[in-house]
Q: 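I am attaching a structure below and will ask some questions about it afterwards.
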2 protein chains.
Amino acid sequence: MKEFVPVLKRTKLFSGVGDDDISTMLSCLEARLLTYKKGEYVLRQGEHLSDILVLAEGRLHIQRDDYWGNRSILGHIGVGEIFGEAYVAPESGTLLNDVIAVEDSAVFFFDVKRVISTCSSACRFHTMVVQNLFFAISEKNRGLVQKLDYMSRRTTREKLLSYLSEEAKKQNSASITLPFNRQQLADYLSVDRSAMSNELCKMRDEGLLEFEKNRFRLF
Amino acid sequence: MKEFVPVLKRTKLFSGVGDDDISTMLSCLEARLLTYKKGEYVLRQGEHLSDILVLAEGRLHIQRDDYWGNRSILGHIGVGEIFGEAYVAPESGTLLNDVIAVEDSAVFFFDVKRVISTCSSACRFHTMVVQNLFFAISEKNRGLVQKLDYMSRRTTREKLLSYLSEEAKKQNSASITLPFNRQQLADYLSVDRSAMSNELCKMRDEGLLEFEKNRFRLF
DNA sequence: ACGAGTCGGTTGTATTTACAACAGAAAGGA
DNA sequence: TCCTTTCTGTTGTAAATACAACCGACTCGT
């Protein structure tokens, strides 16, 4: 478990906490480290959860199998990311998605009650971890609101424009580099890739923007 | 300010905290109470925010004016609700929406740094408030993920089915009562009302469900 | 240099949607 | 009761979308 302290140190959850203090907290929080082989389920839709999770090693997919068995991948979880935090409230409903290891992976489990109950003075940095957690969730929340904003637009063009103009605002420039290729962008905005590609070209022909690969410039 | 203690007592933020302790905490947290006339802005898109807000009195709209000045109402805030929590992280971006008073309103402002830094022993319940806040945001987070799930569907029918079946799961019955009328449901799912109405009737004719007003039964 | 695989753009068609306009039913107030 | 307003369903049309199929450019490993 100690071997992952350097990894934890770089996570949002333990940001600003020293190695020794992280080690101490792992015991204090009764952290558990579970490992998964490629293809195994880490979390299953419909379960209840009372732990905050942090990926220590490997890579995970967030996916959903709908009504008719169609599988869709909603997102990825990389090393150091926090997840599960949306389901740990006492009155919270069950998990809405599956989480699956796409590589051999290791996951830290922290009982949420221990995390948010500041304990004895032994953990000097416990308060900081609580704050880190709070801010991490807050930011995630904003990201979700943001995405909902894009997704609530009716047409592909509107979705693209709202996404691109927001990204331009964020990167503070009319020239922006997207973190997606076309397929990923289409997935993110929940539209058809070819229709989106088509729309992008129309917008370029109308002089609204230009692009090359994942670099865009807005006018 | 004290006059709103009974209101605060019933909020998620102060759930489980006694009247006297709430009064104490109002000072300790340096809470500010601001009032707004009908039509005034409480928050403006693009601003930064470092406070958690709780509506003490009145009613607010969350709205967005898009590119071309089209106004759309994204939601309502009722008495006792917490808002603003998605924007208070130090690295957080600016507000994504406007918040406007649709009635004369009163709003509590709590500086987030004070809220999540547990103070001296004077505030016995400070830890509980931090936990309350955490769980409130966690639940909000789940709600957003849920809505994203509906919205990521491509067709109106799929959106309806995912929403209705989830609601049936939540209400633990095939007969469910929706908290929306048709227009509100259409707004929630970001689809056209008449198209949705049409689709609902088609689904009824196909024997997938039946409904009367906002009572639905799934088959 | 070769072939496999990935990526982005294009096209055509069937499906789905938005939008506008209208009508009947229900609710609520004067 | 009558009038107004709100809610819901219906229809037609123009617009937008999904989907499938295909093509060329590019990358990468051998």
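Numbered from 1 within each chain, the chains take letters A, B, ... in sequence-line order.
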Q: Residues two or more places apart in sequence or in another chain: which of them pass side chain to side chain contact (heavy atoms under 4.5 Å, CB included) with A:Asn198?
A: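 So A:Asn198 forms a side chain to side chain contact (heavy atoms under 4.5 Å, CB included) with A:Lys202.
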Q: Using OP1 and OP2 only, check whether a side-chain N or O of B:Thr155 sits under 4.0 Å from C:dT16.
A: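 Answer no for this pair, as no side-chain N or O of B:Thr155 is under 4.0 Å from OP1 or OP2.
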Q: Within this structure, what is the CZ-to-C1' distance between B:Arg153 and C:dT16, rounded to whole angstrom?
A: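 So the two atoms are 17 Å apart, to the nearest Å.
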Q: Looking at residues at least two apart in the chain, or sitting in another chain, which of them share a side chain to side chain donor-acceptor pair (under 3.5 Å) with A:Glu210?
A: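 Partners of A:Glu210 under the side chain to side chain donor-acceptor pair (under 3.5 Å) test: none.
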Q: Between A:Glu206 and A:Arg157 (salt bridge meaning N to carboxylate O under 4.0 Å), is one present in this structure?
A: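 Result for this pair is yes, salt bridge flagged.
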Q: Measure CG/A:Leu185 against P/C:dG9 and give the value in whole Å, please.
A: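 Rounded to the whole Å, the gap is 11 Å.
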Q: Could you state the atom-to-atom distance from CG of A:Leu189 to P of D:dA16 in whole Å?
A: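 Interatomic distance, CG of A:Leu189 to P of D:dA16: 18 Å.
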Q: Any residue in residues 191-207 of chain B with a heavy atom nearer than 4.0 angstrom to DNA chain D? Just list them by number, or reply none.
A: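 Within this stretch, B:Arg193, B:Ser194, B:Ser197, B:Asn198, B:Cys201 sit under 4.0 Å of the strand.
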Q: Check this for me, if you would: do A:Glu103 and A:Lys38 make a salt bridge, where the nitrogen-to-carboxylate-oxygen distance has to be below 4.0 angstrom?
A: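 Looking at A:Glu103 and A:Lys38, the cut-off is not met.
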Q: Can you list the residues that meet the side chain to side chain contact (heavy atoms under 4.5 Å, CB included) rule with A:Ser23, with sequence neighbours excluded?
A: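 With sequence neighbours excluded, A:Ser23 shows a side chain to side chain contact (heavy atoms under 4.5 Å, CB included) to A:Lys2, A:Val5, given in chain and number order.
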Q: Can you tell me if B:Lys213 touches the phosphate of D:dG9, counting only side-chain N or O atoms and a distance under 4.0 Å to OP1 or OP2?
A: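 It does not, given that no N or O in the side chain of B:Lys213 lies less than 4.0 Å from OP1 or OP2 of D:dG9.
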Q: Please give, in whole Å, the distance from C:dC19 C1' to B:Gln183 CD?
A: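 Answer to the nearest Å: 13 Å.
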Q: With heavy atoms under 4.0 Å as the rule, sort B:Phe180 into base, sugar-phosphate or nothing.
A: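 Touches nothing.
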Q: Starting from P on D:dT27, measure out to CG on A:Asn181 and report it in whole angstrom.
A: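 Rounded to the whole Å, the gap is 15 Å.
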Q: Checking A:Leu34 now: which residues fulfil side chain to side chain contact (heavy atoms under 4.5 Å, CB included) with it, not counting sequence neighbours?
A: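 Expected list: A:Tyr36, A:Phe109.
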Q: Roughly how many Å is it from CG in B:Leu160 to C1' in C:dT16, rounded to a whole number?
A: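 In whole Å, C:dT16 C1' lies 13 Å from B:Leu160 CG.
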Q: Looking only at side-chain N and O atoms, does B:Arg182 come under 4.0 Å of OP1 or OP2 in D:dC7?
A: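 No, no such contact exists.
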Q: Nearest whole angstrom, please: distance from the C1' of C:dA14 to the CZ of B:Arg154.
A: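 Rounding to the nearest Å, CZ of B:Arg154 and C1' of C:dA14 are 17 Å apart.
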Q: Does A:Gln146 have any side chain to side chain contact (heavy atoms under 4.5 Å, CB included) partners at least two apart in sequence or in another chain, and if so, which?
A: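 In terms of side chain to side chain contact (heavy atoms under 4.5 Å, CB included), with neighbours along the sequence ignored, A:Gln146 is linked to A:Arg142, A:Tyr150, A:Glu166, B:Leu96.
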Q: For B:Glu158 and C:dT15, what is the distance between atoms CD and P respectively, to the nearest whole Å?
A: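 Going from B:Glu158 (CD) to C:dT15 (P), I get 16 Å.
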